[in-house]
Amino acid sequence: MLLSLALALAAYFLVPVRYTSATSLVLTAPPTGGMSPVDRAKPVQLSNPLLQPNDGLRIVASILILRMSNEGERKRLGVGPDSPTELTVDDGRSNPDLLGITSTGPFVCIGIDGPSAAETRKLQVAVEKRIREQLVDYQKALGAPPSTFIAISQVSSIGPDAESGARWKIAAAVLMAGIGLGLAGAYGLSVRRAARRAAGEASGPQTDPVPECQEEGASVE
């Protein structure tokens, strides 16, 4: 038991600490809607094509999520296949607090799991900045008037916070494995001792035979 406890404590302190952060962004339409203000000098009224569909904001959010899932974009942010930092960008389905409203709100949620608080915070800021840049660049490429640009606002930002759940799980697993091996070893040892004891009782006491040539009362050197 003591050895199992020592191994569990060692496992807890040897497992590196991970830091997590979560940022939720929401897309909003401009107050004037998708059409530019009426200008008598320009008889043709310009509009933002991204706001024409009924679910335009949700479509734009999906486009941003797909772009941030691109391998080249992730490498640009320093999150490659071999990177110790994990990046998740979705519509909020990975955030339990947003599960009830993800079907109606155009959310872009950023989740980061990194080896240090500084790296996690740095990536959090970089990803949010990159999403904003992509939104502006995409609207410019479509020729949308600046007055109709979709805005993106931060709803919440949590972390970076130390995540100790994985350390406790590993320590508990080591403790249970140690206790299980210890009980199995103790049981095996008791079985072997009982078998040896039974074998000794079955053989009976052992006595040395008396030589036939030895007469009664004769001394033996």
Side-chain angles (χ1 to χ4, degrees), residues 14-30 34 48-146 148-170:
L14 289 176
V15 174
V17 181
R18 302 286 295 182
Y19 293 86
T20 59
S21 67
T23 302
S24 298
L25 308 174
V26 64
L27 277 63
T28 56
N48 188 336
L50 296 176
L51 292 173
Q52 298 309 310
N54 293 333
D55 293 334
L57 292 177
R58 293 181 61 190
I59 293 174
V60 176
S62 299
I63 292 173
L64 294 174
I65 292 170
L66 288 175
R67 287 196 170 191
M68 295 305 300
S69 301
N70 182 271
E71 184 177 353
E73 192 67 41
R74 295 173 73 89
K75 287 183 177 179
R76 175 178 178 175
L77 294 167
V79 186
D82 300 328
S83 174
T85 303
E86 298 178 5
L87 170 64
T88 303
V89 181
D90 57 26
D91 59 354
R93 65 188 63 193
S94 60
N95 187 345
D97 296 332
L98 296 176
L99 285 179
I101 55 177
T102 51
S103 59
T104 58
F107 291 100
V108 178
C109 298
I110 307 167
I112 301 174
D113 186 328
S116 69
E119 290 295 326
T120 302
R121 178 60 182 170
K122 180 180 178 181
L123 181 60
Q124 182 180 6
V125 173
V127 173
E128 184 176 347
K129 180 181 178 182
R130 183 57 184 156
I131 290 175
R132 295 179 183 276
E133 291 175 350
Q134 285 189 343
L135 178 59
V136 173
D137 293 343
Y138 191 44
Q139 294 179 99
K140 286 182 177 179
L142 293 175
T148 66
F149 274 12
I150 298 170
I152 187 166
S153 305
Q154 188 182 98
V155 178
S156 64
S157 181
I158 303 173
D161 296 325
E163 180 62 44
S164 59
R167 303 176 77 187
W168 283 113
K169 289 180 181 178
I170 293 176

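Numbers here simply count residues along the sequence, with the first being 1. Reckoned from all heavy atoms, side chains included, excluding hydrogens, waters and symmetry mates.
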dist Q134:CD -> I63:CD1 (nearest 0.5 Å) comes out at 10.5 Å
May I ask you to test the P115-R18 pair for a side-chain heavy-atom distance under 4.5 Å? yes
Test salt bridge (Lys or Arg N to Asp or Glu O under 4.0 Å) on R130 and E133 and set out the steps. CA-CA 5 Å; R130 183 57 184 156; E133 291 175 350; 3.3 Å; yes
Apply side chain to side chain contact (heavy atoms under 4.5 Å, CB included) to L87 and I110, showing your working. CA-CA 7 Å; L87 170 64; I110 307 167; 3.9 Å; yes
Output for pair (D161 CG, Y19 OH), nearest 0.5 Å, gives 10.0 Å
I need the E128 CD to S24 OG distance, nearest 0.5 Å. 10.0 Å
Please report the shortest heavy-atom distance between N70 and G72, naming the atom on each side. OD1-N, 2.8 Å
Side chain to side chain contact (heavy atoms under 4.5 Å, CB included) partners of I65, counting only residues at least two apart: S69, V89, D91, V108
Carefully, step by step, assess L27 and L64 under the rule side chain to side chain contact (heavy atoms under 4.5 Å, CB included). CA-CA 11 Å; L27 277 63; L64 294 174; 4.3 Å; yes
Q139 (side chain) donor-acceptor with I150 (main chain) under 3.5 angstrom: yes
Distance only, no hydrogens: is a donor on one side chain within 3.5 Å (strictly under) of an acceptor on the other, for S157 and Q124? yes
So CG of D113 and OG1 of T88: to nearest 0.5 Å the spacing works out to 8.5 Å
Report yes if some heavy atom in the side chain of T85 is under 4.5 Å from a heavy atom in the side chain of T120; otherwise report no. no
Look up atom CG in L135 and atom CD1 in I152, then write down how far apart they are to the nearest 0.5 Å. 6.0 Å
Nearest heavy atoms of P160 and A117, plus distance in Å: CG-O, 3.5 Å
